[in-house]
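A short worksheet on the structure shown next.
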Amino acid sequence: MHQERTGFRPTTGLQSYDTAIWYADRPRNLWTVPERNGVSAVHKVNDNVTEIEGPDTFHDILLFATDVAPDVRFHTFRLSGTDRRQAPRPRQVMLLPQGISTNVQAQGRYELLQVHFRRARLCELVEDAAGGAFSLDQVDWSNDPALATLAEHLCREQAEPGLANRSLVDALLIEIGVGLVRRHSNLSRSPKYGAAVLSEERYRRVADFVEAELATDLSIDDMAAVACLSPFHFTRAFRTRVGETPHRWLMRRRAARARDMLLNGTLPIAQVATGCGFSSQSHMNDVFRRLDLATPGSLRTNRAATTDQAAGDA
């Protein structure tokens with residue numbers, strides 16, 4: 001007589017992840033990104049035996065192998081009838097489009113990043129395909145250096161929560177979603193879209209908005225809404241016009257205001273950081289370093305020395 005097995009469901013709070021049923025060792029979750037704007041993520045570790053049943057979901061799921069032991073093998077069954085045995089390597093990706101039911105078995109230690117997209121969110125990112133007019137490919141473990149680089153960047157930011165501000169996390173998730181559509185969908189086989197354009201009027205509107213809200217937790221979606229563009233088109237158009245991503249430009253604006261306050265004001269450095277939208281003083285220090293600027297501490301020290309010298313000359 002067939003005995004029904006008893007599994008368990010994760011309790012991360014991420015709907016798309018918690019619907020899976022686990023029949024072996026419970027995974028350890030290193031961190032999660034709660035769902036916002038139709039995107040969520042979880043970074044997990046499995047130390048031994050794994051068997052997972054993934055039901056037919058309404059999410060497109062990207063799997064990224066951050067670390068895999070040499071002896072790990074994945075045996076993936078799909079209800080469509082395909083049956084694959086693979087040995088994924090670090091930095092490889094797998095894509096499971098919505099509506100795909102799977103049973104995955106693995107043995108050995110591995111770490112995975114999973115990014116879950118609601119299909120409606122991908123339609124918003126690529127408004128040309130609104131209404132579900134595109135389809136994503138099933139991708140078994142394979143190399144995609146561009147997606148791997150973005151996934152690694154996301155993992156680094158999440159490993160240091162103080163530096164993982166909302167705008168950068170949002171930007172990385174948007175770029176991952178766009179990468180899926182550009183390289184792993186029917187649109188990747190279509191003629192290229194025309195170049196996105198950010199008019200002077202829209203650019204000024206975004207710049208004025210950012211200057212007024214610089215102390216707040218701005219996101220790419222916020223700036224795109226002001227420009228009346230989808231996040232996907234805004235990111236492309238902004239980079240074409242300005243020569244850098246919205247996130248890097250935003251960090252430059254925060255750093256410029258902080259530098260002015262450090263040189264011309266008396267607020268403590270920590271208050272300058274929060275007043276310019278940085279999550280902490282260490283976050284501001286890190287951004288100054290990335291932009292090859294003098295550190296906030298040295299700016300304040302040099303200002304004090306200059307003031308003392310001026311007083312002595314008088």
Side-chain angles (χ1 to χ4, degrees), residues 10 12 14 16-17 20 22 24-25 27-33 39-54 57 59-117 119 122 125 135-159 169 171-189:
T12 64
L14 305 182
S16 56
Y17 183 72
W22 295 72
D25 290 351
R28 292 184 289 116
N29 296 322
L30 300 181
W31 48 260
T32 62
V33 176
V39 189
S40 58
V42 59
H43 190 193
K44 65 178 183 178
V45 179
N46 290 85
D47 293 308
N48 196 3
V49 179
T50 304
E51 182 177 354
I52 314 161
E53 282 189 3
T57 72
H59 293 80
D60 298 300
I61 303 175
L62 173 73
L63 306 180
F64 171 71
T66 56
D67 187 30
V68 184
D71 60 339
V72 169
R73 299 292 184 272
F74 273 69
H75 192 182
T76 305
F77 305 87
R78 295 192 177 97
L79 293 188
S80 61
T82 57
D83 180 355
R84 291 297 303 275
R85 296 177 185 270
Q86 286 187 288
R89 300 274 61 85
R91 302 191 86 243
Q92 288 192 323
V93 300
M94 172 185 277
L95 176 58
L96 300 174
Q98 69 172 26
I100 300 297
S101 294
T102 60
N103 178 289
V104 178
Q105 300 174 7
Q107 186 166 0
R109 186 185 186 282
Y110 64 90
E111 293 183 17
L112 289 183
L113 167 66
Q114 294 190 17
V115 184
H116 297 230
F117 291 89
R119 178 58 61 87
L122 292 180
L125 292 179
S135 61
L136 290 178
D137 305 326
Q138 291 184 32
V139 179
D140 290 311
W141 290 112
S142 58
N143 296 315
D144 186 320
L147 283 178
T149 298
L150 292 171
E152 288 175 333
H153 195 172
L154 178 61
C155 288
R156 286 197 301 270
E157 292 295 333
Q158 286 300 109
V169 171
L172 289 169
L173 292 173
I174 286 174
E175 289 209 44
I176 289 172
V178 171
L180 293 180
V181 174
R182 280 186 173 182
R183 291 189 296 283
H184 301 294
S185 76
N186 61 319
L187 294 185
S188 66
R189 297 175 287 277

Working to the nearest 0.5 angstrom, can you tell me the gap between T66 OG1 and L30 CG? 7.5 Å

Ignoring hydrogens, what is the shortest heavy-atom contact between D60 and Q98? Give both atom names and the distance. OD1-N, 2.8 Å

Check against side-chain contact (heavy atoms from CB on, under 4.5 Å), D144 and H184: CA-CA 10 Å; D144 186 320; H184 301 294; 2.7 Å; yes

Nearest heavy-atom pair of H43 and L113: which atoms, and what distance? CD2-N, 4.0 Å

Please enumerate all residues that pass side chain to side chain contact (heavy atoms under 4.5 Å, CB included) together with L172, with sequence neighbours excluded. L150, H153, L154, E157, L168

Here the salt bridge (charged side-chain N to carboxylate O under 4.0 Å, His left out) pairs for residues 86-101, sequence neighbours left out, are R91-E152

Take L136 and R119 through the side-chain contact (heavy atoms from CB on, under 4.5 Å) test and state the conclusion after the steps. CA-CA 10 Å; L136 290 178; R119 178 58 61 87; 4.1 Å; yes

For R28, enumerate each residue passing the salt bridge (Lys or Arg N to Asp or Glu O under 4.0 Å) test, keeping only those at least two apart in sequence or located in another chain. D47

Atom of A106, atom of Y110 and distance for their closest heavy-atom approach: CB-CE2, 4.0 Å

Minimum heavy-atom separation for V139 to S142, with atom names? CG1-OG, 3.3 Å

If every non-hydrogen atom of V68 is compared with every non-hydrogen atom of P88, which pair is closest and at what distance? CG1-O, 3.5 Å

With the side chain counted from C-beta on, respond yes when M94 and D140 share a heavy-atom pair under 4.5 Å apart, and no when they do not. yes

Looking at every heavy atom in both L112 and W141, which two are closest together, and how far apart are they? CD2-CH2, 3.6 Å

Any side-chain heavy atom of H59 sitting closer than 4.5 Å to one from L96? no

Among all residues two or more places apart in sequence or in another chain, which pass the side chain to side chain contact (heavy atoms under 4.5 Å, CB included) test with V39? V115, F117, R121, L173

For T32, the side chain to side chain contact (heavy atoms under 4.5 Å, CB included) test, sequence neighbours excluded, returns T12, L14, V42

Partner of V178 under side-chain contact (heavy atoms from CB on, under 4.5 Å), picked from L180, I174, I176, V181, is I174

Lys/Arg-Asp/Glu bridge criterion (N-O < 4.0 Å) met for D137, R183: no

